[in-house]
Amino acid sequence: MAPHTLSRLALTPAVALAALVGFAAAPAQAAVWSSSDQWGTYTTSDGYTLYNNIWGSGAGTQSIWANSSSDWGARADHPDTGGIKSYPNAKKVVNKPIGSLSSLTSTYNVTVPSSGAYNTSYDIWDSDYDYEVMLWVNYNGAVGPLGTSQGNVTLGGHTWTVYKGDNGANQVFSFLRTSDSTSGTVDVLPILKWIKDTKGWWGNETIGDVQFGYEITSSAGGLDFRTNGFGVSTS
């Protein structure tokens, strides 16, 4: 089980943009796999791992379902209190040094609720779990990144506000998209190289997990988070 960021600073509630409208429940027909277990896991035929991952204190209930790595979701009912409760996600393991990668891209398509407090994010780890790179593609409610702002940068097809912090266990580099998005493609490799070559915040790290999911702080009454499309491509 990969480590998790154990603390984040809560900011003034962020205003969700119009893209974050509505939410979808699980399919009417039974999914191939589902679990309400705290650490429920499922490995797909194409090598992705789905993870319910209810890790924060004060959590409520949550279930995850999946038909594939690109068709899955979670229903979460976490109380309206501070602190991250869970990060249901799909994970692809890369296990290549940054310098040996010629490409690393990912696509996403999600349906997220207009209420609650959460972010939809990539969580990218080096193989030793010394460094964590988070890419927030949308967020809602009283949530915020760890660390201090390093300004804005345009990389990988998106413009981000960058934060740099340390949770006591690992360095955390958070990239918050300056406008919310529910679908798109991220060219991840230029972001990793910017951290390495432009900023010098890490060396030629071996990239381990590329995770994508929903970091949920609150979802009182039960909210649905759905992944309509997701994939990681690397060479």
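One-based numbering along the sequence shown.
Across every non-hydrogen atom of Gly156 and His158, the tightest pair is O-CD2, 3.2 Å. Residues Ile64 and Pro88 come closest through the heavy atom pair CD1-CB, 4.3 Å. When every heavy atom of Gly116 is checked against every heavy atom of Leu223, the shortest pair comes out as CA-CD1, 3.9 Å. Pro145 and Trp136 make their closest contact through N-CH2, 3.8 Å (heavy atoms, listed as atom of the first residue, atom of the second, distance). Among all heavy-atom pairs drawn from Ser121 and Glu215, the shortest one is OG-CB, 4.4 Å. Listed here is the closest heavy atom pair of Ser35 and Asp37: OG-N, 3.1 Å.
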Practice item. Decide side-chain contact (heavy atoms from CB on, under 4.5 Å) for Arg75 and Asp77; before the verdict, give the C-alpha distance in whole Å, the side-chain angles of both, and the deciding distance to 0.1 Å. Key: CA-CA 7 Å; Arg75 180 168 181 83; Asp77 186 355; over 6 Å; no

Exercise for review: Start with the C-alpha gap between Thr178 and Asn152, add the side-chain angles, then the distance that decides, and say whether side-chain contact (heavy atoms from CB on, under 4.5 Å) holds.
Suggested key: CA-CA 8 Å; Thr178 55; Asn152 287 7; 3.8 Å; yes

Point to revise | Residue pair Thr41, Asn53: steps toward the side-chain contact (heavy atoms from CB on, under 4.5 Å) verdict | key: CA-CA 8 Å; Thr41 60; Asn53 196 17; over 6 Å; no

Exercise for review: Could you walk me through whether Gln211 and Tyr87 pass side-chain contact (heavy atoms from CB on, under 4.5 Å), step by step?
Suggested key: CA-CA 10 Å; Gln211 305 170 6; Tyr87 180 59; 3.3 Å; yes

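Not one N or O on the side chain of Thr227 forms a donor-acceptor pair closer than 3.5 Å with the backbone of Gly229. For the pair Asp130 (side chain) and Asn170 (backbone), a donor-acceptor distance under 3.5 Å is absent. Although no hydrogens or angles enter the test, the distance criterion places no donor-acceptor pair under 3.5 Å between the side chain of Asp187 and the main chain of Gly157. Without hydrogens or angle criteria, Lys164 side chain to Phe173 main chain gives no donor-acceptor distance under 3.5 Å.
Residues Thr44 and Trp33 fail the side-chain proximity criterion, which asks for heavy atoms closer than 4.5 Å. For the pair Leu146 and Tyr163, the minimum side-chain heavy-atom distance is 4.5 Å or more. In this structure the side chain of Ile98 reaches within 4.5 angstrom of the side chain of Ile207, judged on heavy atoms. Asp80 is listed as a side-chain neighbour of Ser218, based on a closest heavy-atom distance under 4.5 Å. Residues Glu205 and Tyr131 have side chains in contact (heavy-atom distance under 4.5 Å, counting atoms from C-beta outward). For the pair Val133 and Trp201, the minimum side-chain heavy-atom distance is 4.5 Å or more. Residues Leu176 and Trp160 are not in side-chain contact: their nearest non-hydrogen atoms beyond the backbone lie 4.5 Å or more apart. Residues Ile124 and Val188 form a side-chain contact, since some pair of their non-hydrogen atoms from C-beta on lies under 4.5 Å apart.
Side chains of Ser86 and Gln62: a donor-acceptor N/O pair is present below 3.5 angstrom, by distance only. Ser69 and Asp46 share a donor-acceptor pair across their side chains, judged by distance under 3.5 Å alone. A donor-acceptor pair shorter than 3.5 Å can be found between the side chains of Thr154 and Thr159. Side-chain atoms of Thr111 and Asn228 include a donor-acceptor pair closer than 3.5 Å. Under 3.5 Å, the side chains of Ser235 and Ser103 contain a donor-acceptor pair of N or O atoms. In summary, the side chains of Thr120 and Asn138 do present a donor paired with an acceptor at a separation below 3.5 Å, with no hydrogens or angles considered.
Atom CG of Asn109 is separated from atom OG of Ser70 by 10.0 Å, given to the nearest 0.5 angstrom. Between atom CG of residue Asn204 and atom NZ of residue Lys193 there is a gap of 10.0 Å, rounded to the nearest 0.5 Å. Here CG of Leu189 is found 10.0 Å from NZ of Lys196. Values are rounded to the nearest 0.5 Å. Atom NZ of Lys96 is separated from atom OG of Ser102 by 6.5 Å, given to the nearest 0.5 angstrom. Taking CG from Leu192 and CG from Asp197, the interatomic distance works out to 10.5 Å, rounded to the nearest 0.5 Å. Atom NE2 of His78 is separated from atom CD1 of Ile84 by 11.5 Å, given to the nearest 0.5 angstrom.
Between Asp71 and Arg226 there is a salt bridge, since at least one side-chain N of the basic residue sits less than 4.0 Å from a carboxylate O of the acidic one.
Between Tyr108 and Tyr122, the ring planes lie perpendicular to each other; the angle is over 60°, past the 30° to 60° tilted range. Classified by interplanar angle (parallel below 30°, tilted 30° to 60°, perpendicular above 60°), the ring pair Phe230/Phe212 is parallel. Ring pair Tyr129/Trp125 is perpendicular by interplanar angle, where above 60° counts as perpendicular and below 30° as parallel.
Ring centroids of Trp72 and Tyr214 are separated by less than 6.0 Å, placing the two rings close together.
No chain of hydrophobic side-chain contacts below 4.5 Å, direct or via other Ile, Leu, Val, Met, Phe, Trp or Tyr residues, connects Tyr118 to Ile54. Under the 4.5 Å side-chain heavy-atom criterion for Ile, Leu, Val, Met, Phe, Trp and Tyr, Ile191 and Leu101 are members of the same hydrophobic cluster. Note on Val93 and Leu50: separate hydrophobic clusters, where clusters join Ile, Leu, Val, Met, Phe, Trp and Tyr whose side-chain heavy atoms are under 4.5 Å apart, directly or indirectly.
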